[in-house]
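For reference, positions follow the sequence shown, starting with 1.
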Amino acid sequence: MSADFWAGYVSGAVGIIIGNPLDLVKTRLQAGPKPVHDGGPATSAPVATPRGLQGHFENAGTLVRGATAPILGYGALNALLFMTYNRTLTLLGDSPTAPNSFAKVFLAGATGGFASFVVSAPTELIKCRAQVTTERHATSWSIAKQIWMKDGLRGLYYGGGITSIRDAVGYGFYFWSYEWTKQAWTSPVDTDRETAFKVLMCGGLAGIITWASIFPLDVIKTRVQTQMLQPEPVRRGEQQTLLHAEGRRSHLGAIQIARHAYQNEGAGVFFRGLGICSVRAFIVNAVQWAVYEWMMRLLQQS
């Protein structure tokens with residue numbers, strides 16, 4: 001495999017290990033109300049405050065809940081993403097190491113994001129359901145097996161349409177913002193320490209810009225993929241009722257999910273969890289880009 005494949009794989013896996021606890025909070029905030037139990041009312045998700053965060057971490061194992069699928073999947077996703085980005089930029093007549101056109105950078109990033117959907121759709125589905133489920137002994141593997149047994153390969157790509165749009169738009173902004181800040185801040189006369197610091201800052205800012213640009217799409221994606229674990233809204237005449245009977249559930253599309261969320265929770269629901277996500281995005285992407293750049297130099301020298 002090429003250097004950018006392994007650099008992307010390792011940096012992606014490292015990013016997941018660092019960011020999973022905060023990603024757990026983000027996913028639960030996005031998913032909305034907890035499931036109904038024993039006919040009781042749905043409850044609101046815990047508030048993301050220092051005290052409220054305790055509600056998201058029931059025990060030490062919760063910190064890594066849903067991490068197995070992303071560690072394996074996101075490493076592969078990142079490898080595919082960076083390979084596709086570099087190859088597309090080359091085909092467009094630009095240099096991956098020092099691109100001259102930010103428009104081409106955005107297009108190459110969007111292409112890489114769309115290609116990564118092959119890995120990101122099942123990875124995100126399993127991760128989100130593992131993080132939201134109330135089953136104490138549920139693992140990424142058990143959830144993947146359950147989905148496969150029930151719906152086969154098609155089930156693993158549930159919510160794939162909104163995921164592919166999110167990834168294409170998001171990774172377009174991701175590479176564009178990283179290259180823009182890197183070219184604006186770095187200089188050939190920078191010392192190794194200065195270069196390392198600026199790479200960390202550029203990577204962190206790229207992460208924040210990316211998530212800010214796609215966060216409403218990510219909220220909708222999360223709700224689409226976890227709706228089978230939530231109370232189901234069904235319209236009867238002019239009223240909204242909740243059904244939780246087995247066999248009566250139907251899958252709602254992304255537009256239906258978005259409309260229902262807006263009607264019941266207002267526009268703010270599409271930005272719920274953005275604060276904690278921005279903190280995570282800065283830390284994870286600062287480290288990811290630093291590891292990627294370091295791995296690329298190491299592998300190219302060897």
Where the side chain of [X] meets the backbone of [Y], is there a donor-acceptor pair that is under 3.5 Å apart?
| X | Y | answer |
| --- | --- | --- |
| Asn264 | His260 | yes |
| Asp190 | Ser187 | yes |
| Gln225 | Lys127 | no |
| Asp94 | Asn100 | yes |
| Ser213 | Thr210 | yes |
| Thr163 | Gly159 | yes |

Would you mind listing the cluster partners of Met149? Hydrophobic ones only (ILVMFWY), side-chain contacts under 4.5 Å, chaining allowed.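 Via sub-4.5 Å side-chain contacts, Met149 links to none.
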Partners of Phe106 by side-chain contact (heavy atoms from CB on, under 4.5 Å), sequence neighbours excluded?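 So Phe106 forms a side-chain contact (heavy atoms from CB on, under 4.5 Å) with Phe173, Trp176.
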After noting the C-alpha distance and the side-chain angles of Val269 and Arg223, does the key distance pass the side chain to side chain contact (heavy atoms under 4.5 Å, CB included) rule? CA-CA 11 Å; Val269 68; Arg223 293 199 170 201; 3.3 Å; yes
4.5 Å side-chain heavy-atom contact, [X] and [Y]:
| X | Y | answer |
| --- | --- | --- |
| Asp4 | Arg87 | yes |
| Lys221 | Cys128 | yes |
| Pro99 | Gln183 | yes |
| Arg166 | Glu124 | yes |
| Leu29 | Val219 | no |
| Ser11 | Asn78 | yes |
| Leu77 | Thr123 | no |
| Trp180 | Ile209 | no |

Scan for salt bridge (Lys or Arg N to Asp or Glu O under 4.0 Å) pairs involving residues 167-187, sequence neighbours excluded, and state none if there are none.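 Of all non-adjacent pairs touching residues 167-187, those that pass salt bridge (Lys or Arg N to Asp or Glu O under 4.0 Å) are Lys182-Glu293.
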Under 3.5 Å, is there a donor on one side chain and an acceptor on the other for Gln146 and Lys150?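 Result is no, nothing qualifies.
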Let's go through Thr195 and Thr186 carefully: what are the C-alpha distance in whole Å and the side-chain angles of both, what is the deciding distance for side chain to side chain contact (heavy atoms under 4.5 Å, CB included) to 0.1 Å, and is it a yes or a no? CA-CA 7 Å; Thr195 299; Thr186 58; 5.5 Å; no
Rounded to the nearest 0.5 Å, what separates atom CG in Leu92 from atom OG in Ser101?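 Going from the CG atom of Leu92 to the OG atom of Ser101 covers 8.5 Å.
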Roughly how far, to the nearest 0.5 Å, is CG of Asn86 from CZ of Phe5?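 Here the rounded value is 13.0 Å.
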Apply side chain to side chain contact (heavy atoms under 4.5 Å, CB included) to the pair Thr88 and Leu107, showing each step before the final yes or no. CA-CA 8 Å; Thr88 302; Leu107 180 58; 5.5 Å; no
Please report the C-alpha distance between Phe197 and Met201 in whole Å, then the side-chain angles of each, then the deciding distance to 0.1 Å, and finally whether the side chain to side chain contact (heavy atoms under 4.5 Å, CB included) criterion is met. CA-CA 6 Å; Phe197 174 75; Met201 292 299 296; 3.7 Å; yes
Restricting to pairs with a member in residues 283-302, which pass ring pair (Phe, Tyr, Trp, His ring centres under 6.0 Å), not counting sequence neighbours?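 Residue pairs with at least one partner in residues 283-302: Phe82-Trp289, Phe82-Tyr292, Tyr174-Trp289, Phe175-Trp289, Tyr178-Trp289, Trp289-Tyr292.
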Please collect all ring pair (Phe, Tyr, Trp, His ring centres under 6.0 Å) contacts where either partner lies in residues 112-132, sequence neighbours excluded, each pair once.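 Every pair satisfying ring pair (Phe, Tyr, Trp, His ring centres under 6.0 Å) with a residue in residues 112-132: Phe117-Tyr157.
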Who are the ring-ring contact (aromatic ring centres under 6.0 Å, His included) partners of Tyr158, not counting sequence neighbours?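 With neighbours one apart ignored, the set is His251.
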